[in-house]
Amino acid sequence: MNRIWTLVIKESRDGYRNRWVVMVTLVMTLLALTLSLLGSTPTGTTSISPLAVTVVSLSSLSIFFIPLIALLLAYDSVVGEAERGTLTLLLTYPVSRTEVILGKFISHLFLLSIAIVIGYGIAGLTISFAGENGFADQEWESFLRLLLSSVLLGAVFLSIGYTISVTVKESTTAAAAAIGIWLLFVLLYDMGLLALLAAGSDGGINGELVKWLMLINPTDSYRMFNLTSSSDTALLSGMAGLSSEHRVSDISLILIMLFWIITPLVAAIAIFKRRQL
Amino acid sequence: MNSIELTSLSKFYGKTEALAAIDLAIAPGDCLALVGHNGAGKSTLIKMVLGLIRPTSGRAVVMGYDPMSAPFNGIRKKIGFLPEQVLFQNNLTGREMLEFYARLKGASLKDLDGLFHRVDLYEAMNNRISTYSKGMRQRLGLAQALIGSPELLILDEPTSGLDPASRQNVYSIINDMKRNGATILISSHALTELDERIDRVAILNRGKIAALGSIAKLRREVNISSEIIIHAPNDTMKILSRHFEGKFFVNGAARISCPANEKISFLRELMGLNISLSDIEVNDPSLEEIFLELARKKAPQDE
């Protein structure tokens, strides 16, 4: 445990020193502020909480942005160290390969969480103070759900990133694979599902099947988790029409995301253990 | 018990044989140098000793354990390793880098000052590694290997790219470690990089041990001719060329190549002529020549 802690501190210090945290936090804050300030303009003095609008806009932003930065953090972490020669050296020390991966995962998740909490937190606070509703009347629960699920979404793509990084031999290959994975989960998968729906629009397709096919993708689980988090967000995102039997429980959505965190992580450790140096 | 014991250790990468049935034992406190061209199998051997890759066949026992087994992890803190080339994280300071490695080994952080002094990096230890020169990085790597006074020290090309003064410093550090009873395994691509302080040399060629023994023993075994150069006045030179007919070619000086085992008898014969010589040079084969000769001799057996 002590050794994992040593690894975590070193990785975090590295992330801090190369200004990665500062850059990402800054970009996240700016994007979140822009989106939420623009998004809150049309609500005027309706009964809808401005923070609910912010949650809807931010979750759309997160679906593109968080997987991307998580993959950027993770794709190079093992193969890059292998290329620089520090991996061989590290593994001659009394650390197991499992500890190496877990150390990276914990510190990267920590860095990512800082960026998410600060970036989205600033946006959330700004909106809630700027709005006419009272501070306490805001949709804070939805907002906390957004923060939590964004961290989970980041963890999913960190795990996938490590699996890529332990498998390939060169970091350029890892970069290409990371971009491919990002496109697949964020864009292509949903397009494929749309095509499937369009093809089966004459009623031949099972709605229940499509729903679960969609939720297998962790980014869609994330979307569903946030867009249905309150009546306001559901209304804003067009999810209000969803009949109750089509709703999926929060627990199932979280379990799907946890599955996507644990499985690639375990796979990454297993592949890393067999990797020849 | 030997510190390192390799029994018919082999490694194939696909169909390429990187190491072919190596038998090698290193006793505690012994200092052995692995010498060979690039691709001779040095790194493969070192990686197997460190438990980084699995042998295709054969057995390695390092400090009593199989390096690929789980209990070997407990032994690792007694091992110091300097990789051939390592690019430390540029944005950390030398001190932070070594503190990280010391913590992993569970070694005392107080001893780090002494280590920085030892490799002449004390003044620079709080600077970022990005400001270090190539030689300073190499010395930082060496300090890293010395953390926790290891019982087994493995240095992959420790002197490559170092100036002669730094190279001498590396050997004096190695000597100190040896005096403390550490077992040392060094690899080098050239015999000339080595120092007489090394006990034994194993010459690797195409995955096989071509020769094993002290530098002096290798010199005797190879039996390359020494070159003897005689300077003398012209009339003496004439006597010489008459006496050793056909052996000389005269070009201001007389040069003769003479097998090591005939060197003494040749010199005795020369002195027996009772002539006045102005100077005499005896050039023994350099370590580099021995190395080349050994590689050349062993090569045909591989086909």
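No experiment lies behind these values; they were computed from the predicted model shown. Just so we're on the same page: letters track the sequence lines, and every chain starts at 1.
If you take OG1 on A:T92 and CG on B:L82, they are separated by 10.0 Å, rounding to the nearest 0.5 Å. Atom-to-atom distance recorded for A:L90:CG and B:F100:CZ is 5.0 Å, nearest 0.5 angstrom. Taken to the nearest 0.5 Å, the CG atom of B:L104 stands 9.5 Å off from the CG atom of A:L89. A distance of 6.5 Å separates CD of A:Q276 from OH of B:Y13, quoted to the nearest 0.5 Å.
For chain A, the nearby parts of B:Q144 are the backbone and the side chain; heavy atoms of each come within less than 4.5 Å. With a threshold of 4.5 angstrom between heavy atoms, A:L7 approaches chain B through its backbone and through its side chain. Looking at B:L92, both its backbone and its side chain come within 4.5 Å of chain A, counting heavy atoms on both sides. Both the backbone and the side chain of B:K77 come within contact range of chain A, with heavy atoms under 4.5 Å apart. Using a 4.5 Å cut-off between heavy atoms, B:I147 touches chain A through its side chain atoms alone. In this structure, the portions of B:F88 lying under 4.5 Å from any heavy atom of chain A include both its backbone and its side chain. A:R97 touches chain B through its side chain: at least one heavy atom from C-beta onward sits under 4.5 Å away, while N, CA, C and O do not.
Atom OH of B:Y65 sits in a sparse spot, with 12 or fewer heavy atoms from other residues, nucleotides or ligands closer than 6.0 Å. Heavy-atom contacts from other residues, nucleotides or ligands closer than 6.0 Å to CE of B:M68 number more than 12. Sparse packing is recorded around CZ of A:F110, with 12 or fewer heavy atoms of other residues, nucleotides or ligands lying under 6.0 Å away. The 12-atom threshold is not exceeded at NZ of A:K273, counting heavy atoms of other residues, nucleotides or ligands nearer than 6.0 Å.
Of the listed residues (A:S96, A:G85, A:P94), the one with the most heavy-atom contacts under 4.5 Å to chain B is A:P94. Top candidate by heavy-atom pairs under 4.5 Å with chain A, chosen from B:I53, B:L50, B:L52, is B:L52. Between chain A and the residues B:Q85, B:M97, B:R128, the largest count of heavy-atom pairs under 4.5 Å involves B:R128.
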With side chain to side chain contact (heavy atoms under 4.5 Å, CB included) as the criterion, how do B:R103 and A:K10 come out once you've worked through the C-alpha distance, each side chain's angles and the decisive distance to 0.1 Å?
CA-CA 11 Å; B:R103 285 204 180 92; A:K10 186 213 139 217; over 6 Å; no
Using salt bridge (charged side-chain N to carboxylate O under 4.0 Å, His left out), reason through B:E96 and A:R17 one step at a time and then give a plain yes or no.
CA-CA 12 Å; B:E96 285 167 341; A:R17 283 283 166 78; 2.8 Å; yes
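Contact check for B:Y101 versus A:T6: no side-chain heavy atoms found under the 4.5 Å cut-off.
Because its NZ or CZ atom is both nearer than 6.0 Å to the ring centre of A:Y93 and within 45° of the ring axis, B:K105 counts as a cation-pi partner of that residue.
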